[in-house]
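Since the structure comes first, as structure tokens, the remarks are kept for the end.
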Amino acid sequence: MRDERPRIETLPARRLVLLRHGRTEWNARKRVQGQLDPDLDETGHAQAQAVGPAVAALAPVTLLCSDLARARQTADHVARATGLTPSYDERLREYHLGERQGLTHDEYAVLEPEEFTRFRAGDWDDVPGAETRAQVADRFSAVLKEAAATLGAGETALVVAHGAAIRTGMVHWLGWPLEQAADFRALGNCCWVELDERPGGRWALAAYNRTAPVVE
């Protein structure tokens, strides 16, 4: 018997790729960066150079980037590999971490031990002067919404940003409770997240903490 049921065509999935910047000296020294603006160190440039071809292989059609130096410098390497021109958006910045920006972890632990313990666990809402999870989620996911709206079937947008902001924006975009961001291990420098659109329009986490090896 011939199957008379109508066939449902599935369009290729749209994709968002969220890439953390390369290493800075502050990362190496465990100094709280927030929205302060250190450059990539030598290792960070090597990481960004290595990751460029890996994310270029995902065939992005657009490249968005935080306007902070460490993200811009990472995006410069990615731009050379992809042939794309970055556009910069301050809504993709890392959390503003108020009075704790610039402190080393050791300094923070001595200054406010209990607060530092919560900070290490991913609870930053009571950091004096800091942005809340909800504020970061709203601004970051607004960029993702705009980026996704420009994509055709099967196309990919690449976003270069910051670890904690990516995790918060990711869980908000997926419709999960914001507290779940703390359940994910920190993104490594120049590691990325892949979010794919499902046929019904919802988005799914397809990959987390992917990276490219740095060739010495």
Side-chain angles (χ1 to χ4, degrees), residues 18-48 51 64-76 86 88-144 159-174 176-193 208-209 211:
L18 315 180
L19 173 68
R20 188 188 176 201
H21 60 81
R23 195 183 81 168
T24 69
E25 183 181 358
W26 284 30
N27 288 144
R29 294 180 178 273
K30 295 187 176 180
R31 187 177 296 276
V32 179
Q33 294 179 121
Q35 291 188 9
L36 299 182
D37 212 16
D39 293 330
L40 297 184
D41 63 13
E42 184 176 343
T43 295
H45 280 288
Q47 291 169 334
V51 84
L64 307 175
C65 182
S66 159
D67 64 344
L68 296 179
R70 55 196 186 270
R72 292 172 67 105
Q73 291 164 5
T74 302
D76 287 344
Y88 305 106
D89 196 319
E90 65 181 10
R91 293 174 296 172
L92 294 172
R93 289 181 179 184
E94 184 59 285
Y95 275 76
H96 192 289
L97 288 170
E99 298 176 18
R100 307 311 181 214
Q101 295 187 155
L103 294 176
T104 66
H105 284 200
D106 288 344
E107 291 167 342
Y108 194 167
V110 170
L111 179 68
E112 290 288 349
E114 293 183 3
E115 182 187 302
F116 178 71
T117 298
R118 293 192 295 274
F119 171 84
R120 290 287 290 160
D123 180 3
W124 298 356
D125 280 2
D126 64 348
V127 174
E131 286 183 284
T132 65
R133 289 191 189 105
Q135 289 171 322
V136 175
D138 286 346
R139 63 172 168 82
F140 199 99
S141 60
V143 180
L144 299 186
V159 178
V160 181
H162 308 267
I166 287 174
R167 294 200 311 275
T168 298
M170 175 191 77
V171 299
H172 188 55
W173 181 252
L174 294 171
W176 301 345
L178 294 183
E179 293 76 12
Q180 276 193 252
D183 294 337
F184 288 85
R185 64 175 297 174
L187 274 175
N189 290 113
C190 277
C191 292
W192 73 86
V193 174
Y208 186 83
N209 227 16
T211 192

Ring pair (Phe, Tyr, Trp, His ring centres under 6.0 Å) pairs touching residues 20-40, sequence neighbours excluded, are His21-His162
By side-chain hydrogen bond (donor to acceptor under 3.5 Å, both in side chains), Gln180 pairs with (sequence neighbours left out) none
Residues at least two apart in sequence or cross-chain that pass side-chain hydrogen bond (donor to acceptor under 3.5 Å, both in side chains) with Thr104, listed by chain then number, are Glu107
Here the gap from Glu131 atom CD to Gln35 atom CD, rounded to the nearest 0.5 Å, amounts to 5.5 Å
Check: Given the rule in the side-chain contact (heavy atoms from CB on, under 4.5 Å) test, do Met170 and Phe184 qualify, once you have shown the distances and angles that lead to the verdict?
Finding: CA-CA 11 Å; Met170 175 191 77; Phe184 288 85; 3.8 Å; yes
Contacts of Arg120 meeting salt bridge (Lys or Arg N to Asp or Glu O under 4.0 Å) (sequence neighbours excluded), chain-then-number -> none
Residue set satisfying salt bridge (Lys or Arg N to Asp or Glu O under 4.0 Å) with Asp67, at least two apart, ordered chain then number -> Arg93
CD (Gln73) and CG (Leu40) are apart, to the nearest 0.5 Å, by 4.5 Å
message = Just so I know, are the side chains of Arg133 and Asp123 near enough to count as touching, which here means a heavy-atom distance under 4.5 Å?
response = yes
Trace of the side-chain contact (heavy atoms from CB on, under 4.5 Å) decision for Leu92 with Phe140:
CA-CA 6 Å; Leu92 294 172; Phe140 199 99; 3.7 Å; yes
side-chain contact (heavy atoms from CB on, under 4.5 Å) filter on Ala130, not counting sequence neighbours, yields Leu97, Val127
- [ ] Establish, from distance only, whether the side-chain atoms of Glu115 and Tyr108 form a donor-acceptor pair under 3.5 Å.
- [x] yes
Residues passing the side-chain contact (heavy atoms from CB on, under 4.5 Å) test with Ala134, sequence neighbours excluded, are Thr132, Leu178
The complete set of salt bridge (Lys or Arg N to Asp or Glu O under 4.0 Å) pairs with one or both residues in residues 32-45, sequence neighbours excluded, reads Arg23-Asp41
Q.
I'd like to know if the side chain of Arg31 and the backbone of Gly102 have a donor-acceptor N/O pair within less than 3.5 Å.
A. yes
Sorted by chain and number, sequence neighbours left out, salt bridge (Lys or Arg N to Asp or Glu O under 4.0 Å) with Glu90 holds for none
Q.
For Gln101 and Tyr95: C-alpha separation, side-chain torsions, deciding distance, then whether side-chain contact (heavy atoms from CB on, under 4.5 Å) applies.
A. CA-CA 10 Å; Gln101 295 187 155; Tyr95 275 76; over 6 Å; no
CG (Leu68) and CG (Leu36) are apart, to the nearest 0.5 Å, by 9.0 Å
By side-chain hydrogen bond (donor to acceptor under 3.5 Å, both in side chains), Asp126 pairs with (sequence neighbours left out) Arg118
Minimal heavy-atom distance between Ala182 and Ala121, with the atoms involved, is CB-O, 3.5 Å
Result for side-chain hydrogen bond (donor to acceptor under 3.5 Å, both in side chains) between Thr24 and one of Gln33, Arg29, Arg70 points to Gln33
Expected output: side-chain Ser141 to main-chain Trp173 donor-acceptor under 3.5 Å:
no
Taken in chain and number order and not counting sequence neighbours, the residues that satisfy side-chain hydrogen bond (donor to acceptor under 3.5 Å, both in side chains) with His172 are none
* To do: Show the numbers, then the answer: is there a side-chain contact (heavy atoms from CB on, under 4.5 Å) between His96 and Gln135?
  => CA-CA 10 Å; His96 192 289; Gln135 289 171 322; over 6 Å; no
Value for CG (Leu64) from CG (Leu18), rounded to nearest 0.5 Å, stands at 10.0 Å
Report task. For the pair Arg91 (side chain) and Arg139 (backbone), establish whether a donor and an acceptor sit closer than 3.5 Å, ignoring hydrogens and angles. Result -> no
Practice task
Taking Gln47 for its side chain and Cys190 for its backbone only, find out whether a donor-acceptor pair lies under 3.5 Å.
Solution key: no
One should read off an interatomic distance between Thr168 OG1 and Trp124 CH2, to the nearest 0.5 angstrom, of 7.5 Å
Rounded to the nearest 0.5 Å, the OG atom of Ser66 sits from the CD1 atom of Ile166 at a distance of 9.5 Å
The residue among Val160, Asn209, Asn189, Val193 that forms side chain to side chain contact (heavy atoms under 4.5 Å, CB included) with Arg20 is Asn189
Residue set satisfying side-chain contact (heavy atoms from CB on, under 4.5 Å) with Leu111, at least two apart, ordered chain then number -> Arg100, Leu103
